[in-house]
Structures are given as structure tokens and as C-alpha cells.
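What follows is a set of notes on a single structure, which appears directly below.
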Number of protein chains: 2
Amino acid sequence: MNKNTLFHKLVSFTTSVHRVTHELTKNAKSDLISQIQFNILEYIAVNQPVTPSEINDCQNMSMPNTSRELRKLSEKKLIEKINDSEDRRKQYIRLSNDGEAMMNEAFATIESRFIKRVQNASKEDLEDIERAIDILQTKLFN
Amino acid sequence: MNKNTLFHKLVSFTTSVHRVTHELTKNAKSDLISQIQFNILEYIAVNQPVTPSEINDCQNMSMPNTSRELRKLSEKKLIEKINDSEDRRKQYIRLSNDGEAMMNEAFATIESRFIKRVQNASKEDLEDIERAIDILQTKLFN
DNA sequence: CTATTTAGTTATCAAATGATAATTAAGAGG
DNA sequence: CCTCTTAATTATCATTTGATAACTAAATAG
């Protein structure tokens with residue numbers, strides 16, 4: 001097993017991950033928001049509170065575009081902006097109640113599809129999957 | 001370990017996979033093509049020959065948009081269209097020599113970044129990673 | 001105090017993407 | 001032959017996304 005062979009396995013693997021992720025999340029998002037807006041909300045949901053700068057670093061977008069999308073999300077009442085009391089240039093972004101509700105609904109849809117996907121897996125299979133995820137998470141995707 | 005906990009691990013894991021994939025592939029593609037065009041070329045490279053219908057199924061795009069992107073790729077001399085001799089409605093798409101060269105270059109860039117990423121991994125680590133990929137590939141992302 | 005840097009906004013433009021209707025051509029079933 | 005279905009194309013339009021310049025306001029360094 002050399003690194004080149006492993007690389008080919010990885011390519012095939014990441015393709016599968018992307019495909020399955022797409023199947024799980026397909027149409028899970030509300031039609032009120034675009035895909036990028038969903039990605040931003042997902043990032044906020046997991047890491048809140050976050051600053052606009054953190055969002056554009058992680059989502060690889062420019063500040064002007066981040067600012068625009070956050071404005072749209074704010075206009076849709078899905079997020080709230082809170083000013084930093086120490087550094088008044090900074091803001092913190094949180095999901096609003098509506099935003100939390102929307103993301104909870106989306107995650108519930110995705111989770112039920114996931115449950116369906118592993119419904120026939122044995123206890124041992126699930127343990128194998130968990131261990132494998134832990135290994136890759138720490139040794140490759142950290 | 002219940003399925004709900006496993007689901008949360010999976011969400012975190014897929015996020016990491018997407019982030020690392022993005023880091024590995026960032027700027028690896030030529031500026032002559034768009035991201036979607038790169039995805040299509042990647043799909044063709046791995047599965048060729050493919051039909052336009054297969055592309056729109058796997059890339060989740062509509063036939064008209066697939067057709068448009070394939071026309072652009074064809075105009076850029078990156079792919080070749082071959083008519084099916086039996087069913088004359090069908091086509092088969094292959095990479096041209098230019099297309100192969102472009103994708104080989106991209107894959108080489110991505111692979112060298114991957115090698116760098118695992119340069120400090122021990123033999124045992126690499127074997128663990130390989131086994132973990134195999135497990136997830138067969139038990140979860142199939 | 002002044003210059004520079006940092007965080008974020010606004011405006012604007014080009015390009016990419018998504019969606020739909022209408023069309024061509026050919027295979028399949030009766 | 002006739003109808004229906006399938007594979008793909010063309011044209012068109014709205015929306016999303018990416019990129020850039022110009023700007024405000026606040027912190028920081030000298």
C-alpha cells in the first residue's frame with residue numbers, strides 16, 4: 001500500500017461522501033434561502049456566535065459577499081447581529097428563533113434520511129462505522 | 001452509542017471532509033474552466049465513457065444545462081463526443097488529449113498536497129486510514 | 001496626534017448557474 | 001403507420017455568485 005494507491009482510494013472515497021451528503025441534504029433546505037445561505041446558516045448553527053470575518057474565512061468568500069448574504073439573512077429574520085461591547089468594529093452573528101427553527105427542521109429531515117440509510121446495519125456495523133469515523137477524523141481530516 | 005449521536009458525528013465528519021477536499025483542490029483547476037465544468041471533467045475522467053444523461057443524473061443538473069456545459073467543454077477541445085452506433089440518439093463523452101492532460105495536471109497538484117498532508121503519518125497510521133476508508137466506503141457511503 | 005490597520009458596508013459589474021419552453025431526431029410499442 | 005417515449009439541443013430568462021473599488025468607523029502603532 002503506497003501513498004499513491006491510498007490517494008486514489010481517497011479520491012473515490014471523497015466522491016462517495018459528496019454524493020451521499022448531497023442525497024441526504026437534497027431539498028432539505030427551505031426554498032426561502034439559497035444554497036450558500038444554507039451553508040452559512042449551517043456554519044452559524046454549529047459555531048455560533050461567529051463574526052462575519054470567520055464566516056468568510058471558512059466559507060471562502062470575500063467580505064463584501066459575506067456582508068451581502070448576511071444582510072439578506074438578516075432581512076429574512078433568520079439571524080441576529082450583536083455588537084461587540086469591547087471592539088465596536090466587531091459583530092457577533094447568531095441564529096434568530098426563526099433561524100433555529102428552520103435549521104432544526106432541516107437537520108431533522110437529514111437525520112431521518114440517515115437513520116433510514118443505516119436501518120439495516122447491525123450493532124457491530126455501527127460500532128465499526130463510529131471507529132472508522134474517529135480514525136479518519138483524527139488522522140486524515142483534522 | 002445511539003444513531004442520533006452517530007448522526008452528529010457524521011455531520012461533523014462530512015464537514016471536515018468537505019473542508020479538506022476544498023483545501024486539497026483549491027486552485028488546482030485551470031482558470032479556463034468553471035467549477036462545475038471541473039466537476040464534470042472529473043466525473044468523465046473517472047467514469048468514461050459516459051453519456052450526457054448519466055452526467056446530469058450524477059451532477060444533479062438539468063439536461064439543457066448539461067448540454068450547454070458539454071458544448072462549452074467541447075468548444076474548448078477538452079472532451080470528445082462519440083455517437084452510439086446502435087442507438088443514434090445516444091452519445092458517449094470522453095476526455096480529449098487536452099482534457100486528459102488538464103486533468104492529469106490537476107490530479108498531480110491535488111496528490112502532491114495529499115502526500116504533504118500525510119507526510120508525518122507512520123506506516124501503521126496509513127494502514128489504519130486505509131482500513132477506515134474501506135469500512136466507511138462499504139458500510140456507509142455505498 | 002497622525003498614520004496605518006482592521007472590520008465591515010455599499011454599490012456595481014461580469015459571469016456562472018438554474019429553470020423552463022420549444023424543438024429535433026430516433027427508438028419502441030401497438 | 002401512428003403514437004408515445006427517450007436523448008439531446010437551442011434559446012431565453014431570472015437569479016446567484018464572484019470580484020472589485022470606494023467608503024465608514026473604530027482600533028492600534030508610532
Side-chain angles (χ1 to χ4, degrees), chain A residues 18 22-23 25-44 47-76 78-94, chain B residues 18 22 25-44 47-76 78-94 102:
Chain A
H18 281 88
H22 189 273
E23 282 169 21
T25 59
K26 194 177 180 180
N27 304 334
K29 75 165 181 62
S30 156
D31 287 339
L32 299 174
I33 56 175
S34 74
Q35 186 58 48
I36 283 202
Q37 286 167 8
F38 181 78
N39 294 346
I40 293 175
L41 288 181
E42 193 176 33
Y43 177 72
I44 298 172
N47 302 96
Q48 63 184 335
V50 299
T51 65
S53 301
E54 287 166 353
I55 294 173
N56 69 46
D57 284 348
C58 288
Q59 304 286 315
N60 290 98
M61 43 197 310
S62 65
M63 271 298 279
N65 294 337
T66 303
S67 184
R68 174 183 58 198
E69 298 309 321
L70 289 177
R71 179 175 49 73
K72 290 181 192 171
L73 290 171
S74 191
E75 282 166 2
K76 289 173 186 171
L78 297 170
I79 61 170
E80 286 165 0
K81 300 183 178 183
I82 301 144
N83 291 317
D84 186 319
S85 51
E86 300 202 335
D87 186 337
R88 292 195 295 170
R89 291 168 308 180
K90 280 191 190 172
Q91 299 175 350
Y92 293 105
I93 313 285
R94 295 194 145 283
Chain B
H18 281 88
H22 188 272
T25 58
K26 195 176 179 179
N27 304 334
K29 74 164 183 63
S30 157
D31 286 339
L32 299 174
I33 57 175
S34 73
Q35 185 58 46
I36 282 201
Q37 287 167 8
F38 182 79
N39 294 346
I40 292 174
L41 288 181
E42 194 176 32
Y43 177 72
I44 298 172
N47 302 95
Q48 65 184 333
V50 298
T51 65
S53 301
E54 286 167 353
I55 294 174
N56 68 46
D57 283 348
C58 288
Q59 304 285 316
N60 291 97
M61 42 195 312
S62 65
M63 273 296 281
N65 294 337
T66 302
S67 184
R68 174 184 57 200
E69 298 309 322
L70 289 177
R71 177 176 49 73
K72 289 181 190 169
L73 290 171
S74 190
E75 283 167 2
K76 289 171 186 170
L78 297 170
I79 60 169
E80 286 164 0
K81 300 182 178 183
I82 302 144
N83 292 318
D84 186 320
S85 52
E86 299 202 337
D87 184 338
R88 292 195 295 170
R89 292 168 306 179
K90 279 192 189 172
Q91 300 176 351
Y92 293 105
I93 313 286
R94 294 194 147 283
M102 177 185 278

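Proteins come first, then strands; the chains are lettered A, B, ... in the order of their sequence lines, and each starts at number 1.
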Checklist entry - Ignoring hydrogens and geometry, is there a side-chain-to-backbone donor-acceptor pair from A:Lys76 to A:Leu32 under 3.5 Å? => result yes

Checklist entry - Given D:dG18, C:dG18, D:dA21, which nucleotide is nearest the side-chain atoms of A:Arg68? => result D:dG18

Checklist outcome for this item: Residues passing the side-chain contact (heavy atoms from CB on, under 4.5 Å) test with A:Asn47, sequence neighbours excluded, are A:Tyr43, A:Val50

Checklist entry - With a non-hydrogen cut-off below 4.0 angstrom, is B:Leu70 in contact with a base, only sugar-phosphate, or nothing? => result nothing

Checklist entry - Between A:Gln91 and A:Asn83, does a side-chain contact (heavy atoms from CB on, under 4.5 Å) hold up when you go through it step by step? => result CA-CA 5 Å; A:Gln91 299 175 350; A:Asn83 291 317; 4.1 Å; yes

Checklist entry - Between B:Glu69 (CD) and C:dG18 (P), how many Å, whole number? => result 9 Å

Checklist entry - What integer distance in Å separates B:Ile33:CD1 from C:dT17:C1'? => result 16 Å

Checklist entry - Mapping A:Pro64 and B:Glu86 onto DNA chain C by nearest heavy atom, which one lands closer to the 5' end? => result A:Pro64

Checklist entry - What bend angle does the helix from C:dC1-D:dG30 to C:dG30-D:dC1 show across its length, from five-pair end axes and to the nearest 10 degrees? => result 30°

Quiz: residues 52-63 of chain B side-chain donor-acceptor pairs under 3.5 angstrom, not counting sequence neighbours:
unit_1, atom_1, unit_2, atom_2, d
B:Glu54, OE1, B:Thr51, N, 3.1
B:Asn60, OD1, A:His22, ND1, 3.3
B:Ser62, OG, B:Asn65, ND2, 3.1

Next on the checklist: Applying salt bridge (Lys or Arg N to Asp or Glu O under 4.0 Å), can you list everything that pairs with A:Glu75, at least two apart in sequence or on another chain?
Outcome noted: A:Arg71

Item to check | Under 4.0 Å protein heavy-atom contacts per nucleotide of nucleotides 3-8 of chain C, with B for base, S for backbone only and - for none | outcome: ---BSB

Next on the checklist: Quick test of your reading: applying salt bridge (Lys or Arg N to Asp or Glu O under 4.0 Å), list the pairs with at least one residue in residues 25-38 of chain B, sequence neighbours left out, ordered by first then second residue.
Outcome noted: none

